[in-house]
Amino acid sequence: VQLQASGGGLVQPGGSLRLSCAASGRTFSTYTMGWFRQAPGKEREFVAAISWSGAITNYADSVKGRFTVSRDNAKNTVTLEMKSLKLEDTAVYYCAAANTGWGRSTEVYEYWGQGTLVTVSS
């Protein structure tokens, strides 16, 4: 599966942004989808995940209550709605797909998009 993330940009603290990830392949609906981010000088970290059906979601504590992950299997897309953005949310955001796994580790996910930059700044 190939993944293409989009929607990044510059936003002020407290603002909102919506990231999208478009996937190719007929088996998209069977994959766990995840969002990760990597700030300059830091390791890539888990942000959110959603099960193949969309029934189960999981969030990092740092974004819980502010970010919402969703998916549309008919359109092969997964979305990350980000609200109340903070300076520390600045990072390159990646979407990823896992064929059989579920979890927060990058090792679970076999496929990665190219990343989209989110900059939170006043």
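Since the model is a prediction, treat every value here as computed from it, not as a measurement.
Open room surrounds CD on Q2; 12 or fewer heavy atoms of other groups in view lie less than 6.0 Å from it. E107 CD: 12 or fewer foreign heavy atoms inside a 6.0 Å radius. No more than 12 heavy atoms of other residues, nucleotides or ligands shown are found within 6.0 angstrom of CD1 on I56.
Remark: of the listed residues F67, Y94, F36, W102, F36 is the sole one forming a ring pair (Phe, Tyr, Trp, His ring centres under 6.0 Å) with F46. The side-chain contact (heavy atoms from CB on, under 4.5 Å) with V120 is formed by just one residue from the set L10, L17, V11; it is V11.
Checking side-chain atoms of R104 against main-chain N and O of Y59 turns up a donor-acceptor pair under 3.5 Å. Looking at Q38, its side chain never comes within 3.5 Å of a backbone N or O of E45 through a donor-acceptor pair. At distances below 3.5 Å, at least one donor-acceptor pair connects side-chain atoms of N73 with backbone N or O atoms of W52. Within the 3.5 Å criterion, the main-chain N or O of G101 finds a donor-acceptor partner in the side chain of T32. Formation of a donor-acceptor pair under 3.5 Å by the Y109 side chain with backbone atoms of G103 is found in this model. A donor-acceptor pair under 3.5 Å links the side-chain atoms of T116 to the main chain of G8, judged by distance alone.
Hydrophobic clustering (side-chain heavy atoms under 4.5 Å, transitive across Ile, Leu, Val, Met, Phe, Trp, Tyr) keeps W112 apart from V118.
Under the 4.0 Å criterion applied to side-chain N and carboxylate O atoms, D89 and K86 are not assigned as salt-bridge partners.
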